[in-house]
Amino acid sequence: MPELPEVEVLRRSLEPLLRGRTIRRVEVRERRLRERVPRGFEAAAAGRRIEGLRRRAKYLLIDLSGGATLVIHLGMSGRLTVVGEQVEREPHEHLAFYLSGRTRLRLRDPRRFGLALLVPTALLERDRHFAALGVEPLADEFSGELLARVAHRRRGPVKNFLMDQRIVVGVGNIYATEALHRCEIRPTRSVARLSRERFERLAAAVREVLEQAIGEGGTTLNDFTDGRGEAGYFQVELAVYGRPGEPCPRCGGTIRRIVQAGRSSFYCPDCQR
DNA sequence: CGGGCGGCCTGGAGGC
DNA sequence: TGCCTCCAGGCCGCCC
């Protein structure tokens, strides 16, 4: 579900709902997420005030008073919403944060690929989840020149390169697929054989597709919503992702599906070379 | 050390 | 209706 745009949309929608509230009590119904939620998590989070929300890669960072940051990753099926404290528990609601103002922040995650942990704010960048992450694609330093530099002496398909979080963060299967279509590069193309000019177009396409998706509230294929439960609209803009057999909106060619690194790729064989 | 692949989970869709 | 297979937005660890 969540790539960078979805996490960013979530962050923006949650910020006004959460900032300034105090975590009064935490309930963990299921500890077995991608990593086990440690005993003591509830006690360590309780009593802290929510100071602000940030995002790094696909991680949502909720800064708390007392120098702690609540780190949440949604995996494939996670959903984080704010509801009234009395609202009935939904299926797979593994974590519930009861907040001041009679509200509750809840994490639902059927597949349990998500993550929730508490990290000292000052040590975030050294935490093993963050230490090896690459550049933020919406940051000024992200450019075709940077991509070309990092790609030096690398091999393999450009799509795998784009989805490698050590290179650039936040780009998952949907947006890698769509960005490659926008800049007319075939996903199987070797990264070692991309010209400097094509790296520039690729970087521009990545930035453009992410920004547009954020503006549209993210992509809701199945169940993504923002913190208020609102779905996104970018799925209607998807040119090739999930559309095998349909005509390419640019040239009319027939969209193909292939598998790369165990993931579906979609591309137009006529205009992506 | 870089890259490929299976595994982790549950649920929805589609075929028969 | 029910059963089966396939597939899914991510990431990690193991293997070569």
Nucleotide N/O to protein N/O under 3.5 Å, stretch nucleotides 11-13 of chain C:
| unit_1 | atom_1 | unit_2 | atom_2 | d |
| --- | --- | --- | --- | --- |
| dC11(C) | OP1 | His73(A) | NE2 | 2.6 |
| dC11(C) | OP2 | Lys58(A) | NZ | 3.0 |

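- For Gln272(A) (side chain) and Cys268(A) (main-chain N/O), a donor-acceptor pair under 3.5 Å exists by modelled atom type.
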Polar atom pairs between nucleotides 10-13 of chain B and protein, under 3.5 Å, N or O only, would you list them?
| unit_1 | atom_1 | unit_2 | atom_2 | d |
| --- | --- | --- | --- | --- |
| dT10(B) | OP1 | Arg112(A) | NH2 | 3.2 |
| dT10(B) | O4' | Pro110(A) | O | 3.4 |
| dT10(B) | O3' | His92(A) | NE2 | 3.4 |
| dG11(B) | OP1 | His92(A) | NE2 | 2.7 |

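- Remark: Arg186(A) fails to qualify as a cation-pi partner of Tyr267(A) under the 6.0 Å distance and 45° angle criteria applied to the six-membered ring.
- Under the 3.5 Å distance criterion, the side-chain polar atoms of Arg104(A) are left unmatched by any main-chain donor or acceptor of Phe97(A).
- Under the 3.5 Å distance criterion, with hydrogens and angles disregarded, a donor-acceptor pair is assigned to the side chains of Tyr175(A) and Thr219(A).
- A distance-only check finds no donor-acceptor pair linking the side chain of Arg79(A) to the backbone of Thr225(A) [under 3.5 Å].
- For the pair Arg108(A) (side chain) and His92(A) (backbone), a donor-acceptor distance under 3.5 Å is absent.
- A donor-acceptor contact shorter than 3.5 Å links the side chain of Gln165(A) to the backbone of Met163(A).
- The separation between Glu30(A) atom CD and dC9(B) atom P is 10 Å, rounded to whole Å.
- Around the CZ atom of Arg39(A), the shell of radius 6.0 Å holds no more than 12 heavy atoms that belong to other residues, nucleotides or ligands.
- Judged by distance alone, with hydrogens and angles left aside, the side-chain atoms of Glu85(A) form no donor-acceptor pair with the main-chain N or O of Leu99(A) at under 3.5 Å.
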Protein N or O to nucleotides 3-7 of chain B N or O, pairs below 3.5 Å:
| unit_1 | atom_1 | unit_2 | atom_2 | d |
| --- | --- | --- | --- | --- |
| dG3(B) | OP1 | Arg155(A) | N | 3.1 |
| dG3(B) | OP1 | Arg155(A) | O | 2.8 |
| dG3(B) | OP2 | Arg154(A) | NH1 | 2.4 |
| dG4(B) | OP2 | Asn160(A) | ND2 | 3.0 |

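- Shown are Arg201(A), Arg196(A), Glu200(A); of these, the side-chain contact (heavy atoms from CB on, under 4.5 Å) with Arg198(A) is made only by Arg201(A).
- The closest donor-acceptor contact from the side chain of Gln235(A) to the backbone of Leu221(A) lies at 3.5 Å or more, if one exists at all.
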Task: Secondary structure string for DNA chain C (Watson-Crick or G-U under 3.5 angstrom, | for other-strand pairs) - done: .|||||||.|||||||
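- With both ends at atom P, the span from dC5(B) to dC7(C) equals 15 Å, rounded to whole Å.
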- [ ] List the steps, then state whether side-chain hydrogen bond (donor to acceptor under 3.5 Å, both in side chains) holds for Ser13(A) with Arg228(A).
- [x] CA-CA 7 Å; Ser13(A) 65; Arg228(A) 295 188 163 77; 5.3 Å; no
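- Atom CD1 of Ile174(A) and atom P of dC7(C) are 17 Å apart (whole Å).
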Short heteroatom pairs, N/O only, protein and nucleotides 14-16 of chain B, under 3.5 Å:
none

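- Hydrophobic cluster membership of Val169(A), counting Ile, Leu, Val, Met, Phe, Trp and Tyr whose side-chain heavy atoms lie under 4.5 Å apart directly or via other members: Tyr59(A), Leu61(A), Val71(A), Leu115(A), Leu117(A), Val119(A), Leu124(A), Phe130(A), Leu133(A).
- Rounded to an integer number of Å, the gap from Tyr175(A) OH to dG10(C) P is 10 Å.
- If you take atom P in dC3(C) and the same atom in dC9(B), they sit 24 Å apart, rounded to whole Å.
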